[in-house]
K.L.:
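Before I ask anything, let me first share the structure, which is written out below as structure tokens.
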Amino acid sequence: MADLINVIAVGILLGGIYALVSVGLNLIFGVIRIVNFAQGEFVMLGMYGTYAGYTYLHLDPYLTLIVVLPCLFVVGAVVQRLILAPLRTEPAMQIFATFGLLMLLENVVLAATGGAAYSVTSRVAQISVDLAGVQVGLVRLIALAAATLVTVALGVFLRYSMLGRAIRAVAQDRSAARLMGVNVDRIYMLTFGIGTMLAGFAGCLLAPIYSLSPQIGTSFILPAFAVVVLGGLGSVPGAYVGGFIVGLTEAFAGYYLDPALKHAVLFGVFIAVLIIRPSGLFGQIGAEEVGLRES
Amino acid sequence: MTNPVPALLSVENVTAGYGDATVLFDAAFEVHTGEIVAIVGANGAGKTTLLSTIVGLVAARAGRIMFRGRDITKRPAHLLPSDGLALVPEGGRLFPFMTVEENLTLGAYSPASRQGLVARRDEMMQMFPILHERRQQPAGTLSGGERQMCAIARALMCRPTLLMLDEPSVGLSPLMVERVFEIIEGLARREGLTIVMVEQNVTEALEVADRGYILDHGHIVRGGDAAMLRRDRDIQETYMGL
Ligand SMILES: Nc1ncnc2c1ncn2[C@@H]1O[C@H](COP(=O)(O)OP(=O)(O)OP(=O)(O)O)[C@@H](O)[C@H]1O
Ligand SMILES: [Mg+2]
């Protein structure tokens, strides 16, 4: 029984982290229709940004958010404008471009750091909390709470603000959105910026938990793809719930089967969901038929 | 033959197309304040392309488009609602996963029309009571006629001077077709809107319109008083199946 609770706790905490990484990925996919392979690298940049703020400005890792978030937003907006926008008529090339960006960022950081692993600690890093007999690191709880808060805030923004409505309108029919007066190019830039910022946010929260390495982005992007497919392409709440499904699947498979098998199990489920329910568990039913109109 | 009153919209020798294909050749026509102009033509004649070029969704390759005395040939599509030009696209193109109410709200997205948005939305729901009934329903679940009304109401949210409609009667039952044409006529006669509609339904469109143009394989081949076009033997044979 204690084991079970422990596994569930591990799964949920891991799920919160995956959710945080995936929400931005799914927003970008839903609106711009790009699979952003570089999303994990933006998490990595967020981690290194936190490291920089922590080392050079002597800020607590959580305080670096005020610098890291705007920086990552700008990075995302610039990447969209300079790399992706010129390729707008060739969606396949955009995906390759994000893959190129993944390799580029990873190797630039590798060269810059000489491959040394860095770590960041916060004053809260040593604190752990007793939850129903399970010891949980406060940093992980903060990550979970932040993922929840961000998902809710993003959902509220998309649903109730005029800009949020415009973003959804572009996702559903971009030329109709243009006819309403929406500057679609600007929305793409904004959306990519927000998605990147969310990845950076994840990076900040993860910096006190994991040690930093240039390759760390890849270990988030793969589960994030599983999250997005499970939760439903383009769905923000789907990415949140999907995060927990993936986290729990990993935790259960790792504990009850074999840690070496956890990714095999995860991607087995991933393929099964794709076959049974291509729109994902929370994807908008019928989105495939409406085709989320192009032109 | 020059008209002393400048046209509200004038399309001057516009050529447009996609990739290597030219679809619209030297199209020219005018629209004056307060009139209903019908542009009729068969499938693939280039009607949608013509409207898309006017609003800037498709780039004109040659020619000039003037609206309210201003050259809008290269003006980005998203700036036109605030200029007073709105288009109801073919099939309505509502945002399928948004409610009727949200679709209307987005119609007032341009900064100029955001003030008084709620009042305008109420006005639209009064004009189209069925939209009031369906206001919380996702637009993707509306019937064809309801969808067309919602699309018209959404376009009206920005209080346009010129409303353009792409085949508003397509796919509707005969009763609904009549209703939609009545609405269009009412908008022009009662609300003082200027209207351009593109139609395949030649007979009915020319009945509602003041003036008409015939678009054939990307060329505007005839134009003039709607009643006159309707009585023309050639036109009756070629386009009205009479
Ligand atoms: N996006 C596009 N890319 C390439 N060719 C196109 C595109 N849209 C239309 N065409 C072509 O342009 C021509 C005119 O099309 P258009 O849609 O303007 O005709 P239409 O008169 O509106 O027809 P319909 O009555 O069927 O709506 C057609 O031959 C069509 O195949
Ligand atoms: Mg058409």
Side-chain angles (χ1 to χ4, degrees), chain A residues 26-27 29-31 33 85 88-90 155-191 232-238 279-280 282-295, chain B residues 18-19 48-49 51-52 54-58 75-99 101-115 117 138-141 147 150-151 154-160 163-166:
Chain A
N26 224 3
L27 179 71
F29 181 80
V31 178
R33 312 262 115 194
R88 99 190 87 213
T89 53
E90 284 153 283
V156 169
F157 166 71
L158 289 175
R159 181 150 299 277
Y160 299 107
S161 74
M162 204 54 158
L163 204 51
R165 284 194 194 98
I167 291 176
R168 283 187 294 140
V170 170
Q172 291 176 29
D173 190 330
R174 62 180 90 153
S175 36
R178 206 167 260 149
L179 290 175
M180 301 300 106
V182 177
N183 183 343
V184 172
D185 292 333
R186 178 109 46 87
I187 294 290
Y188 280 1
M189 228 168 107
L190 178 76
T191 304
L233 288 169
S235 159
V236 168
S279 60
F282 298 87
Q284 274 159 324
I285 299 161
E288 319 89 69
E289 285 118 73
V290 180
L292 291 166
R293 299 178 184 122
E294 288 297 312
S295 63
Chain B
Y18 308 91
T48 300
T49 307
L51 294 188
S52 303
I54 295 172
V55 298
L57 291 177
V58 169
R75 199 156 163 79
H78 69 267
L79 297 177
L80 291 171
S82 33
D83 292 353
L85 177 56
L87 169 66
V88 180
E90 199 168 351
R93 308 278 298 239
L94 297 173
F95 302 112
F97 303 115
M98 292 195 207
T99 62
E101 191 170 84
E102 277 191 298
N103 268 276
L104 295 190
T105 303
L106 273 162
Y109 182 80
S110 59
S113 38
R114 281 191 212 182
Q115 270 171 351
L117 185 159
T141 63
R147 195 173 305 167
C150 187
R154 185 180 67 173
L156 291 174
M157 285 297 293
C158 70
R159 302 168 194 275
L163 181 68
M164 304 202 295
L165 303 107
D166 193 347

K.L.:
Between A:Ser175 and B:Arg93, does any side-chain donor sit less than 3.5 Å from a side-chain acceptor?
P.N.:
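Yes, side-chain donor-acceptor contact under 3.5 Å.
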K.L.:
Any donor-acceptor pair under 3.5 Å linking the side chain of B:Glu102 with the backbone of A:Arg165?
P.N.:
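Not at all, since once roles are kept as given, no pair shorter than 3.5 Å links the two residues.
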K.L.:
Need one label for A:Arg186: side chain, backbone, both or neither, based on atoms under 4.5 Å from any heavy atom in chain B.
P.N.:
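Neither part.
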K.L.:
For a quick test of reading the model, state the closest non-hydrogen atom pair linking A:Met180 to B:Pro81 and the distance between them.
P.N.:
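What the structure gives for the nearest pair is C-CG, 3.8 Å.
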K.L.:
Yes or no on side-chain contact (heavy atoms from CB on, under 4.5 Å) for A:Ile187 and B:His78, after CA distance, side-chain angles and deciding distance?
P.N.:
CA-CA 12 Å; A:Ile187 294 290; B:His78 69 267; over 6 Å; no
K.L.:
Identify the two heavy atoms, one from A:Leu163 and one from B:Tyr109, that lie closest to each other, and give their separation to 0.1 Å.
P.N.:
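Between these two residues, the closest heavy atoms are CD1-OH, 3.8 Å.
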K.L.:
Side chain, backbone, both or neither: which part of B:Thr105 has a non-hydrogen atom closer than 4.5 Å to chain A?
P.N.:
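Both backbone and side chain of B:Thr105 come within 4.5 Å of chain A.
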K.L.:
With respect to chain A, which residue among B:Leu85, B:Leu106, B:Leu79 yields the maximal number of heavy-atom pairs within a distance under 4.5 Å?
P.N.:
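Among B:Leu85, B:Leu106, B:Leu79, the one with the most close pairs to chain A is B:Leu106.
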K.L.:
List the residues meeting side-chain hydrogen bond (donor to acceptor under 3.5 Å, both in side chains) with A:Tyr188, not counting sequence neighbours, and say none if there are none.
P.N.:
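In terms of side-chain hydrogen bond (donor to acceptor under 3.5 Å, both in side chains), with neighbours along the sequence ignored, A:Tyr188 is linked to A:Arg174.
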K.L.:
Do the side chains of A:Gln172 and B:Leu94 get nearer than 4.5 Å, heavy atoms only?
P.N.:
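The answer is no, as the side chains (C-beta and beyond) never meet within the 4.5 Å cut-off.
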K.L.:
State which residues pass side-chain hydrogen bond (donor to acceptor under 3.5 Å, both in side chains) with B:Asn103; sequence neighbours excluded, sorted by chain then number.
P.N.:
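Partners of B:Asn103 by the side-chain hydrogen bond (donor to acceptor under 3.5 Å, both in side chains) criterion, ordered by chain and then number, come out as B:Arg154.
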K.L.:
Can you tell me if OH on A:Tyr160 sees more than 12 non-hydrogen neighbours from other groups inside 6.0 Å?
P.N.:
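Counting other residues, nucleotides and ligands, OH of A:Tyr160 stays at 12 neighbours or fewer.
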